[in-house]
Each structure stands twice: as C-alpha cells, then as structure tokens.
Amino acid sequence: MGPVEQLHRVVRESAAALVSTDREGLAAQIKLERPPRADLGDYSTNAALLLAPRLQSAPREVAEQLGGVLADRLGNALARADVAGPGFLNLFLSDAWLIDGLRTVLEAGSRYGAVTAEHEIAVNVEFVSANPTGPVHLGHARGAAYGDALARLLAWRGCSVTREFYVNDYGSQVRKLAESVRALALGEPIPEDGYHGDYVGELVPVERARTLDLDELSREALAACLELIRGSLERFGVRFDVWFSERSLHENGAVASALARLDQLGETYNQDGALWLRSTKHGDDRDRVLIRSDGQPTYFCSDIAYLEDKRSRGYATLFYVWGADHHGYEPRMKAALEALGGQRDEIELIDFQFVHLIGGGERIAMSKREGEYVTLDELTTAIGVDAARWFLLARSHDTTVEIDPELATRKSADNPVYYVQYAHARIASVLARLTEDRVAQARSELAPGEPLHPSERALLKRLLAFPEDLAEAAERRAPHRVAAAALELAQEFTAFYRDCHVVGAEPPTTETLRIALCLAARQAIAIALELLGVSAPEQM
RNA sequence: GCCCCCGUAGCUCAGCUGGAUAGAGCAUCGGACUUCUAAUCCGAGGGUCCCAGGUUCAAAUCCUGGCGGGGGCACCA
C-alpha cells in the first residue's frame with residue numbers, strides 16, 4: 001500500500017469512528033483529493049461535509065473535530081490541518097512524510113504503480129481483427145493502439161492478458177480476394193466487388209496465381225495478406241498471442257455444437273426457412289438469423305461459436321475492442337451470451353470513435369468505402385510510431401481524434417510526445433553527470449534535510465499520485481489518462497529542473513534528495529511511456 | 001422513427017462514480033540563451049462548460065425535455 005493510500009485509509013477510519021452506523025457506506029464516499037491550489041494544502045478531504053448531516057452539526061465544526069483526530073493519529077507526519085470553504089479539511093504533510101513516500105517510490109523501482117497479484121486474473125482482449133483481405137488502415141490503427149495499451153495497462157494492474165486477433169478467413173470475401181489476385185495475374189479486369197489495392201498483385205507470385213486452383217490460391221493469398229497485417233502491426237509495436245481462425249470454428253464442429261447448445265436451451269426457432277436466435281428475450285431489438293434460408297451460417301453465428309470457445313478458456317473478462325461502426329452489434333452479443341447461460345458482464349464491449357487526419361485545415365477522408373484510405377504503414381512512416389501511438393492514445397476512446405501530421409512530427413516542445421520524451425532524456429543527462437556510486441548513495445541515504453522547495457514538493461506529490469492514476473486508468477479502461485499523467489509528470493519535472501539545480505546542490509542532503517527525485521521521475525515517466533508503447537529515449 | 005457517442009477557450013480536447021477561483025496542448029502576444037540538454041523555459045490575454053427546467057448544502061458532472069454534430073439500426077462481411 002502506497003503512502004497516499006495509507007493516508008486515505010487513516011482519514012476514512014478517523015471519520016468513520018465519529019459515527020455509529022453505516023461506517024462502511026460513509027468510508028466509501030470519503031475522498032482524498034488535491035486542493036485547487038498548492039498553497040491550500042497537500043491533500044484535502046470532503047469527510048466533514050459527509051459527516052455533518054449525520055452528526056447534525058455544522059460542517060466546519062466537524063472538520064475542526066476531524067482535524068484534531070487526525071493530528072493525534074498522524075503525529076509528525078501531519079504538519080497542519082486547515083478547515084476551508086464549506087467544510088473541507090486541508091492537510092499539510094510534513095517533509096518527513098513526503099521523503100518517506102519518495103523512498104517507497106524508489107523501492108518499487110521499475111514496478112512502481114504495478115500490482116503484483118498472487119493469482120493473476122486472466123482476461124482476453126480481442127482487437128483489430130481486420131479482414132485478412134487488405135492492409136491495416138487508419139481506422140484499425142486506433143483499435144490497435146487502444147487495445148494494446150489496454151492490454152499493457154491491465155497486465156500492469158495484475159491481470160494475465162491474452163491479446164487476440166480474430167481472422168475472418170471463412171466467408172466469401174477470401175474467395176473474392178483470390179479471384180482478384182488471379183484476375184490481375186491473368187491481366188483480366190478485377191471483378192467489380194473484388195479488391196483493387198496495389199497490394200493485391202504482390203500477394204502471390206504471378207506464375208502461381210495463374211496456375212493454382214482457386215482454393216489453394218485463396219489459402220496462399222490469405223496467408224500472405226495476414227503476413228502483411230502481422231508485419232504492419234509489429235512495426236507499430238503490437239503483437240498478438242492468438243490469431244484465431246474463423247474457419248477453424250466451422251471445420252472443428254464448434255459452430256455446430258454452439259447451435260446444438262442453443263437449440264437444446266430453447267433459444268432458437270425456424271421461420272421463413274432460416275434459423276433464428278431469440279435474442280429479443282435478452283434485450284435485443286429483434287431476433288437475429290443464425291442460418292440463412294440458403295443454408296449458410298451468418299457471421300453472427302460464428303461469433304457465437306467463437307464466444308463459446310473463448311468462454312471455455314476460462315477468462316474472467318472478454319474484452320472486444322471495436323470501431324464505432326460495430327456499435328449496433330453489442331446488444332446481440334450480450335443477448336447471445338445470455339442465451340448461452342452466461343452473465344452479461346463476462347464480456348466488455350468497447351467501441352472507439354473515428355480518427356481524422358487534418359492537414360492545411362482540411363480533413364482527409366478516411367473511409368474504406370470511399371476507396372481512399374491511409375494505411376497504418378503510411379501513418380507510421382509519415383509521423384513515426386511514437387507520435388502515432390501517442391496521438392491515438394492521448395484522447396479518450398469515445399471521442400473522435402484528430403491528428404495533425406505537421407504537429408505530430410515537430411521536434412520541439414510544442415509537440416507533447418517530444419516534450420515528455422525530452423523530459424526523460426533530460427533526467428538521464430543530469431544523472432549521467434554523477435558517478436554511479438553517488439547515485440547509489442542517494443538511494444540509500446535519502447533523509448530529511450533542508451525544508452523542501454515548493455517545486456520539489458510538487459514533483460514529489462505528482463509522483464506519489466502516479467499509482468492511483470494508473471489504477472483509475474485501468475478501472476475506467478482509459479489509457480488516455482496514462483498519457484495525461486505522463487505529461488503532468490514531465491511538466492512537474494521541468495518546473496523542478498528550472499528551480500532546483502541538482503548536481504552540486506548544497507548541502508549534500510539536498511543534492512541527495514534531488515538525485516532521488518530525478519531517479520523517481522525518470523522511472524515514472526518511463527513506465528507511463530512503456531504503458532503507451534512509446535519509447536523513452538536516454539538521449540535526444 | 002429507435003439506439004449509442006459527442007457538444008467545455010479561436011482550434012483539438014481533459015475534467016463528467018457531484019465539491020473550493022473550470023484545466024492542458026496548439027494558435028496569438030510579450031519575455032529569457034556566461035545552460036545540469038534552449039530539441040528549452042517563463043509570462044499574458046482568451047469561457048453564457050449547447051439551451052431550458054429539476055435534484056442537492058454544493059452541478060461542467062446526476063435526472064427530464066429540447067437543439068446541434070457523428071455513428072448504428074440486413075437472411076452483408
């Protein structure tokens with residue numbers, strides 16, 4: 001448990017001790033926050049505002065009383081407690097408390113903010129799942145960045161994560177790809193509903209494309225296309241643990257057995273020559289077709305078999321990261337899950353909004369339908385992996401994001417990703433001026449000395465807040481909060497760097513403290529960047 | 001017509017499981033180079049938090065109803 005968490009607990013316990021009923025309900029609502037301005041205190045709590053109605057006394061009086069209790073319990077750690085505003089209690093922590101906190105940051109080292117679980121919770125994150133008939137484009141890029149960052153974050157917070165890519169290798173589109181490849185090889189016109197990109201001609205050598213039978217050609221074209229996809233994603237820093245074939249579900253009987261299961265549970269019926277799922281029973285707008293009247297299973301049908309397969313693998317949660325255009329699919333997936341006897345919260349469907357590239361004030365259209373799309377490779381070539389990942393992740397997934405390639409490629413502090421990386425490199429540079437012994441000594445001999453400078457306090461408090469930032473980011477499935485934390489760490493470090501000279505600071509206890517702050521800040525920034533999949537350079 | 005997301009500074013967006021004087025980046029304007037990395041830093045201006053009601057000691061945040069933008073509503077994949 002970190003120092004802030006411990007402080008929070010003491011506040012909750014002290015407040016709960018003042019009432020006789022529903023102590024837990026009260027404790028759950030009590031917050032420990034940062035006051036709007038640093039001069040108001042290091043932390044503030046709303047406890048008195050919540051206690052007042054129960055104690056039938058004025059909030060400010062209750063705050064006063066609570067301040068007294070905390071002074072007793074916290075001893076030297078608490079320098080002062082002020083009552084403010086409508087009844088907030090503002091806490092000023094002693095330098096000794098903060099330096100103890102810094103020590104815990106250094107002790108945690110490269111695992112600072114991580115949860116080391118005794119029993120890791122297994123979760124599955126399925127993302128990208130682009131059709132294996134063409135390159136990964138900008139729309140997939142956001143899903144790739146988000147899904148991967150979510151996976152990293154969940155892993156950091158104690159989950160064992162499987163990254164999974166669902167390969168739609170069963171339907172007619174794979175055949176269309178093969179037909180397009182063949183047509184191109186024979187110099188014939190590509191079918192109108194075929195695939196027209198330049199990559200089509202490069203999937204299979206012309207000789208083979210002319211002579212293989214269509215099934216074999218399908219297989220080869222598909223494999224080649226998947227290889228393109230895998231390579232693009234890998235260059236983007238995204239690796240999958242499982243590439244799951246839709247075709248395999250049909251070939252190994254999984255589809256048939258899922259259908260049998262639903263039938264046995266009375267969840268299906270025949271009508272108009274088709275087989276339907278009673279999804280309206282489970283909150284969907286309408287029932288959905290599983291087997292079309294022509295005998296072909298729908299895509300939804302394979303999705304259900306796939307869901308069953310995932311469920312059989314024992315994950316606590318199945319995440320589906322989808323583009324906003326798949327949003328309409330959610331009710332039927334939940335319905336299918338329930339029809340199979342599952343609980344609705346076994347799956348979590350997360351959809352992300354679109355990405356626009358802007359240039360010269362104009363939006364560059366990015367839809368596949370218009371036939372004119374930017375590929376992931378083009379994006380990473382144009383602005384680099386670090387900038388691409390940063391800008392795709394710095395915004396909440398449920399808002400559209402605009403990327404300005406001009407800003408993203410700027411190598412200056414105007415560009416947030418460079419600003420954060422620069423802060424990291426700058427710390428490395430400062431530390432490089434010291435001997436290894438001196439740095440090691442700073443770790444072991446950290447102790448209170450001169451009163452802390454306001455910029456030292458600010459940086460230290462920011463560092464202490466980091467684990468909770470990560471916890472919230474993970475709970476809310478919100479990697480953009482990690483980016484926000486990284487930026488704030490960089491800003492606080494920069495202010496500290498400006499105000500507090502490190503190397504040669506006097507007295508030596510001050511230099512020690514500042515070295516320790518550099519170490520901790522470098523660590524936290526590196527962790528934040530790692531969680532985003534952005535590099536943390538030692539030199540720039 | 002129904003469902004989902006969004007509406008906050010000139011622009012792009014945080015904040016929205018309710019708290020104090022609403023934040024960041026970009027852009028604009030002004031300033032700092034005998035440096036621990038100036039690939040930097042400091043400062044300033046800039047707001048009906050879409051509108052109207054409601055709940056609350058307290059609403060950008062929650063509820064209701066509008067308005068505006070985007071997306072989705074197949075026996076397609």
Separation of atom CH2 in A:Trp276 from atom P in B:rA74, rounded to whole Å: 11 Å

Proximity to the side chain of A:Asn131 - top-ranked nucleotide from B:rC42, B:rC13, B:rA77: B:rA77

Side chain of A:Arg426 (C-beta onward), nearest among B:rC41, B:rC75, B:rG19: B:rC41

Within 6.0 Å of CD in A:Gln271, more than 12 heavy atoms from elsewhere: yes

Separation between the C1' atoms of B:rC6 and B:rG45, rounded to whole Å: 29 Å

Heavy atoms of other groups near A:Lys281 NZ, more than 12 under 6.0 Å: yes

Selection residues 415-436 of chain A - residue pairs positive for salt bridge (charged side-chain N to carboxylate O under 4.0 Å, His left out), sequence neighbours left out: none

Distance between P atoms of B:rA22 and B:rU48 (Å, rounded): 13 Å

Gap between atoms CZ and C1', on A:Arg288 and B:rA77 respectively (whole Å): 15 Å

hbond_proxy A:Asp303 side chain to B:rA77 base (donor-acceptor, 3.5 Å cutoff): no

Under 4.0 angstrom between A:Arg286 side-chain N/O and B:rC2 OP1 or OP2: no

Under 3.5 Å on both distances, the Watson-Crick or G-U partner of B:rC73: B:rG1

Of the listed nucleotides B:rA77, B:rG15, B:rA39, the one nearest the side chain of A:Ser412: B:rA39

Distance flag, aromatic centroids of A:Tyr166 and A:Tyr306, threshold under 6.0 Å: yes

Paired nucleotide for B:rC49 [Watson-Crick or G-U wobble; both distances under 3.5 Å]: none

Phosphate contact (B:rG71 OP1 or OP2) by A:His326 side-chain N/O below 4.0 Å: no

Watson-Crick or G-U wobble mate for B:rG18, both contacts under 3.5 Å: none

side-chain contact (heavy atoms from CB on, under 4.5 Å) involving A:Asp22 - partner list, sequence neighbours excluded: A:Arg54

For B:rC62, the Watson-Crick or wobble counterpart (both distances under 3.5 Å): B:rG54

A:Arg481 vs B:rG15: side-chain N/O to OP1/OP2 distance below 4.0 Å: yes

Candidate nucleotides B:rA39, B:rG19, B:rA14, ranked by approach to the side chain of A:Phe88 - the nearest: B:rG19

Nucleic acid footprint by protein, nucleotides 21-32 of chain B - heavy-atom cut-off 4.0 Å, B for base, S for sugar-phosphate alone: B--SSSS-----

Heavy-atom donor-acceptor pair, A:Ser44 side-chain to B:rA20 base, under 3.5 Å: yes

Check: A:Tyr329 side chain, B:rA77 base, donor-acceptor under 3.5 Å: yes

Paired nucleotide for B:rC41 [Watson-Crick or G-U wobble; both distances under 3.5 Å]: B:rG31

Contact under 4.0 Å: A:Arg60 side-chain N or O vs B:rC57 OP1/OP2: no

Side chain of A:Ala84 - closest among B:rG15, B:rA20, B:rA39: B:rA20

Under 4.0 angstrom between A:Lys176 side-chain N/O and B:rA77 OP1 or OP2: no

Where at least one partner belongs to residues 470-479 of chain A, residue pairs that pass side-chain hydrogen bond (donor to acceptor under 3.5 Å, both in side chains), sequence neighbours excluded: A:Glu348-A:Arg477, A:Glu472-A:Arg481

Side-chain donor-acceptor contact under 3.5 Å, A:Tyr43 with A:Asn90: no

Shortest non-hydrogen separation from A:Thr510 to A:Glu456 and the atoms involved: CG2-OE2, 4.4 Å

Minimum-distance nucleotide (side-chain atoms of A:Asn46 versus B:rG19, B:rA39, B:rA20): B:rG19

Of all pairs that satisfy salt bridge (charged side-chain N to carboxylate O under 4.0 Å, His left out), the ones with a partner from residues 292-304 of chain A, not counting sequence neighbours: A:Arg292-A:Asp294

5′-ward residue of the pair A:Phe354/A:Asn90 relative to RNA chain B: A:Asn90

Where A:Leu529 and A:Val420 come nearest, the two heavy atoms and their spacing: CD2-CG1, 3.8 Å

Watson-Crick/G-U partner (both atom distances under 3.5 Å) of B:rC26: B:rG10

Minimum-distance nucleotide to A:Leu40 side chain [options: B:rA20, B:rC75, B:rC13]: B:rA20

Closest-nucleotide 5' rank along RNA chain B - winner of A:Cys500 and A:His397: A:His397

Any A:Arg476 side-chain nitrogen or oxygen under 4.0 Å from OP1 or OP2 of B:rC16: yes

Name of the residue among A:Glu338, A:Lys334, A:Arg344 meeting side chain to side chain donor-acceptor pair (under 3.5 Å) with A:His282: A:Glu338

Residue A:His480, side-chain heavy atoms: nucleotide from B:rC75, B:rA14, B:rC41 that is nearest: B:rA14

Listed nucleotide nearest any side-chain atom of A:Tyr419, set B:rC41, B:rA74, B:rG15: B:rC41

Where protein sits on nucleotides 3-8 of chain B, one letter per nucleotide: B base, S sugar-phosphate only, - none, heavy atoms under 4.0 Å: -SSS--

Rounded interatomic separation in angstrom, taking CD from A:Glu33 and P from B:rU17: 12 Å

